Amino acid sequence: MVTMSDVRAAFAHLPYLAAGKRSRNLLFWVSLSTLFLMAARYVILASPNKEYDSYDVNPATSWNGTVDARARSLAARAHNATLGFGEIVYISLPSRTDRQDAMHLLASIHGLDLHFIPGIDGEAVHPKSVPDGGSHLRPAELGCWRAHADAWRHMLAGRHETMLILEDDADFDVNIHKIFERISTQMQHNKLRVVPPTEREIEAAPYGLDWDVLYLGQCSDYASPRKDLAQAFSDQDAPQRAITHEHFISMLQSFGVYGKAIGKTRVISPSYGPVCTLAYAITRRGAQRLLLNLSYLGLSTAIDVDILNKLQAGAIRGYTVTPPPFSAFRLNNEKDSDTKQQLSPEEIEKQKKEKDEKEKDIGNIAGTSLNIRNSARHAMLVNLDRTNWEDYERVIPSKKGTETVVPAAEGSEEPVPQFSGTPEEGKAASQEAGQAPLEEVTDSSETPTSSDATSNSSDSSTDKAEEAPADSQSKETGEGTTTVEHPAEAATSPGENSAEGAGDETNQEISEETTVDTSDESTPGGDNVEQTKTEGTQAATPAEDLSLTVAT
């Protein structure tokens with residue numbers, strides 16, 4: 001607007017204007033230009049500008065005149081784990097664990113506490129429990145109504161004054177706490193109120209208590225005939241116009257918000273035509289009225305439409321935030337619906353083709369949310385992304401083939417070098433140093449003793465006996481396998497020592513095996529093998545179980 005200083009400046013230029021006209025000097029044109037600019041500024045400021053002047057960018061102050069310290073402190077409660085409400089609950093069918101996982105992921109990242117309300121299968125609702133007038137509803141509609149009614153009952157069973165109810169496919173902005181702090185400030189200084197707030201509201205209710213339902217996640221809407229009952233306020237986290245649904249753009253324009261203001265503004269107005277129950281808050285009195293009107297007195301249609309009917313009839317008072325801070329996360333496939341209605345093969349194939357044409361990625365990565373400037377679900381992918389090996393390479397570059405000295409073991413004097421290369425490089429280094437390959441190094445505590453070797457030899461003989469006939473033993477050579485037949489008389493008679501009953505042939509074969517094995521001097525542990533084989537000949541073995549393999 002034009003101030004007194006502007007008027008004084010204009011009059012101050014009049015003498016110079018008169019003098020300049022007579023002398024036709026430069027001062028005349030400077031004074032004339034100044035007056036022209038001042039007149040243009042007055043015309044611009046005085047003309048109505050619906051884009052900015054039709055709404056108040058500051059909090060409304062109709063009932064107490066100021067935004068006092070108590071209001072700011074109360075609005076700051078929006079930064080707690082329940083966004084300033086008494087409790088946050090979400091409804092989900094027990095079978096949809098995929099959606100429950102997503103909700104708890106979002107809650108943990110943004111510091112929210114959620115209480116799970118089990119969804120209801122409509123086919124499990126007993127016919128006698130269906131409210132009057134609701135017998136014609138589909139099972140999906142009955143299940144949805146019953147689950148929300150259970151949430152209202154949960155509210156009444158507790159001691160909270162307000163509660164936020166979400167469905168399990170909800171998405172929101174990453175700055176959700178700041179958004180609700182602004183909404184709280186507007187609700188505390190709400191010029192739509194018909195009664196002043198109580199002291200209880202001023203002290204403990206961040207969003208007031210003069211409403212029954214507060215719509216925060218409607219999927220479509222239209223304004224009431226009272227267009228004057230609207231409170232617009234600036235919100236830098238409001239969704240851009242390009243991602244705002246046409247329903248809400250029309251709503252904003254009906255309240256006088258146009259042009260560049262769309263994308264920077266939200267409006268609080270009386271609820272009149274909201275559809276969907278994705279996200280809404282209720283007061284204790286609101287829960288009572290909902291149970292009364294949508295259960296005790298009857299149910300005429302789907303729950304969201306029936307609430308709309310009660311709002312228009314005036315039986316319930318509601319406020320609506322436009323554009324809504326919550327939006328449905330859509331995968332654009334069959335997972336978006338919980339109903340048991342199956343798609344036809346043609347419809348499934350059509351959806352698949354449309355999906356393939358749009359993008360290659362599927363599932364949550366390709367999900368979309370309208371009316372959200374910075375989707376929390378999309379931001380979660382970035383928030384939890386990790387490039388572990390790239391981080392190691394960036395901070396600690398790899399040095400293959402080098403040795404790292406580690407602390408010495410107790411009782412030793414020298415530090416133990418530890419090879420940090422690949423296993424193949426380790427084998428090559430060990431062979432060059434004249435050491436045994438890495439996989440052949442065995443802890444001394446695990447080296448078999450002579451008694452263990454005898455036991456193992458006996459067990460091996462028993463296993464071999466199960467594979468060969470009792471009256472024969474096999475001899476394996478480089479050319480093939482030779483089977484040696486033993487007469488039945490060679491079997492050990494009762495009471496005789498099994499080693500003596502084995503006969504000279506057995507001792508001869510074992511000696512041959514021992515000779516062959518010990519001739520290879522390059523084999524590690526050859527002496528242990530010879531000792532094991534020698535002691536194995538003294539084991540008591542029945543002749544019919546004898547089946548030895550000789551390696552040459």
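Residue indices begin at 1 and follow the sequence shown. Because the structure is a prediction, the values reported are computed rather than measured. Note: hydrogens, waters and symmetry copies are ignored here, and every other heavy atom, side chains too, is used.
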Has the side chain of [X] got a donor or acceptor atom that lies under 3.5 Å from a matching backbone atom of [Y]?
| X | Y | answer |
| --- | --- | --- |
| Asn293 | Leu290 | no |
| Arg193 | Val195 | yes |
| Thr244 | Asn371 | no |
| His245 | His247 | yes |
| Glu201 | Thr198 | yes |
| His110 | His177 | no |

With salt bridge (Lys or Arg N to Asp or Glu O under 4.0 Å) as the criterion, how do Asp173 and Lys178 come out once you've worked through the C-alpha distance, each side chain's angles and the decisive distance to 0.1 Å? CA-CA 10 Å; Asp173 195 281; Lys178 293 182 179 179; over 6 Å; no
Just to verify, what does Ser295 make a side-chain hydrogen bond (donor to acceptor under 3.5 Å, both in side chains) with, not counting sequence neighbours? none
Residue list, side-chain hydrogen bond (donor to acceptor under 3.5 Å, both in side chains) with Asp171, at least two apart or on another chain: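 side-chain hydrogen bond (donor to acceptor under 3.5 Å, both in side chains) list for Asp171, sorted by chain: Ser369, Ser375.
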Is there side-chain contact between [X] and [Y], with at least one heavy-atom pair below 4.5 Å?
| X | Y | answer |
| --- | --- | --- |
| Lys310 | Leu294 | yes |
| Phe233 | His189 | no |
| Ile282 | Ile165 | yes |
| Met163 | Ile88 | no |
| Pro274 | Leu311 | yes |
| Arg266 | Pro239 | yes |
| Ile117 | His115 | yes |
| Asp132 | Leu299 | no |

Between [X] and [Y], which heavy-atom pair has the shortest distance, and what is it?
| X | Y | result |
| --- | --- | --- |
| Ala261 | Val257 | CB-CG1, 3.7 Å |
| Thr97 | Pro94 | CG2-O, 3.6 Å |
| Leu93 | Ile120 | CD2-N, 3.7 Å |
| Ile91 | Ala147 | CG2-CB, 3.7 Å |
| Arg377 | Ala102 | NH1-CB, 3.5 Å |
| Met103 | Leu114 | O-CD1, 3.6 Å |

Of all residues at least two apart in sequence or in a different chain, which pass the ring pair (Phe, Tyr, Trp, His ring centres under 6.0 Å) check with His160?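 Ring pair (Phe, Tyr, Trp, His ring centres under 6.0 Å) list for His160, sorted by chain: empty.
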Non-neighbouring partners of Tyr280 that pass ring pair (Phe, Tyr, Trp, His ring centres under 6.0 Å), sequence neighbours left out: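 Ring pair (Phe, Tyr, Trp, His ring centres under 6.0 Å) check on Tyr280 returns His148.
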Pairs in or reaching into residues 199-295: which pass disulfide bond (SG atoms under 2.5 Å apart), with residues at least two apart or in two chains?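 Residue pairs with at least one partner in residues 199-295: Cys219-Cys276.
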Residue pairs passing the disulfide bond (SG atoms under 2.5 Å apart) test where at least one lies in residues 91-172, sequence neighbours excluded: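 Qualifying pairs: none.
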I need the full list of ring-ring contact (aromatic ring centres under 6.0 Å, His included) pairs touching residues 288-315, with sequence neighbours left out, sorted by first then second residue.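 Checked against ring-ring contact (aromatic ring centres under 6.0 Å, His included) - neighbours excluded - no pair reaches residues 288-315.
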Could you grab the distance from atom [atom1] of [X] to atom [atom2] of [Y], nearest 0.5 Å is fine?
| X | Y | atom1 | atom2 | result |
| --- | --- | --- | --- | --- |
| Asn383 | Leu105 | CG | CG | 10.0 Å |
| Asp98 | Ser92 | CG | OG | 7.5 Å |
| Asp235 | Gln186 | CG | CD | 9.5 Å |
| Thr185 | Asn190 | OG1 | CG | 12.0 Å |

Could you pull out all residues at least two apart from Asn309 that satisfy side-chain contact (heavy atoms from CB on, under 4.5 Å)?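 Partners of Asn309 under the side-chain contact (heavy atoms from CB on, under 4.5 Å) test: Ser300, Thr301, Val305, Asp306.
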Under the side-chain contact (heavy atoms from CB on, under 4.5 Å) test, which residues partner Arg241, sequence neighbours left out? Ile249, Gln253, Ile262
Salt bridge (Lys or Arg N to Asp or Glu O under 4.0 Å) assessment of Arg72 paired with Glu181: CA-CA 9 Å; Arg72 293 190 181 94; Glu181 182 178 8; over 6 Å; no
Restricting to salt bridge (Lys or Arg N to Asp or Glu O under 4.0 Å), what partner residues turn up for Arg153, sequence neighbours left out? Asp150
Step by step, would you call Val89 with Met155 a side-chain contact (heavy atoms from CB on, under 4.5 Å)? CA-CA 10 Å; Val89 302; Met155 167 74 177; over 6 Å; no
Could you label the plane-to-plane angle of the Phe180 and Phe85 rings as parallel, tilted or perpendicular, counting under 30° as parallel and over 60° as perpendicular? perpendicular
Which side-chain N or O atoms in residues 316-326 pair as donor and acceptor under 3.5 Å with protein atoms at least two apart or in another chain?
residue, atom, partner, partner atom, Å
Arg317, NH1, Asp210, O, 3.1
Tyr319, OH, Asp210, OD2, 2.7
Thr320, OG1, Ser271, OG, 2.6

Can you list, pair by pair, the side-chain donor-acceptor contacts under 3.5 Å of residues 384-394, counting residues two or more places apart and other chains?
residue, atom, partner, partner atom, Å
Thr387, OG1, Asp391, OD1, 3.2

Yes or no on side-chain contact (heavy atoms from CB on, under 4.5 Å) for Met187 and Trp211, after CA distance, side-chain angles and deciding distance? CA-CA 10 Å; Met187 294 290 288; Trp211 45 273; 3.6 Å; yes
Is it true that atom CZ of Arg284 has more than 12 heavy atoms of other residues, nucleotides or ligands lying nearer than 6.0 Å? yes
Yes or no on salt bridge (Lys or Arg N to Asp or Glu O under 4.0 Å) for Arg77 and Glu203, after CA distance, side-chain angles and deciding distance? CA-CA 12 Å; Arg77 295 190 186 183; Glu203 293 292 337; over 6 Å; no
Any side-chain donor near an acceptor of the partner, Gln188 and Ser184, under 3.5 Å: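 Result is yes, a qualifying pair exists.
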Looking only at side-chain N and O atoms, does His154 offer a donor or acceptor that is under 3.5 Å from a partner on Glu87?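 On atom types as modelled, these side chains qualify, holding a pair under 3.5 Å.
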Residue among His104, Gln100, Glu167, Arg99 satisfying side-chain hydrogen bond (donor to acceptor under 3.5 Å, both in side chains) with Tyr90: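 The single option meeting the side-chain hydrogen bond (donor to acceptor under 3.5 Å, both in side chains) with Tyr90 is His104.
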Working for side-chain contact (heavy atoms from CB on, under 4.5 Å), residues Glu161 and Thr283: CA-CA 6 Å; Glu161 294 287 348; Thr283 60; over 6 Å; no
Just do the salt bridge (Lys or Arg N to Asp or Glu O under 4.0 Å) check on Arg182 and Asp237 with the steps written out, would you? CA-CA 10 Å; Arg182 299 181 189 111; Asp237 295 308; 3.0 Å; yes
Assess whether side-chain contact (heavy atoms from CB on, under 4.5 Å) is satisfied between Tyr258 and Thr265, documenting all intermediate values. CA-CA 10 Å; Tyr258 298 97; Thr265 308; over 6 Å; no
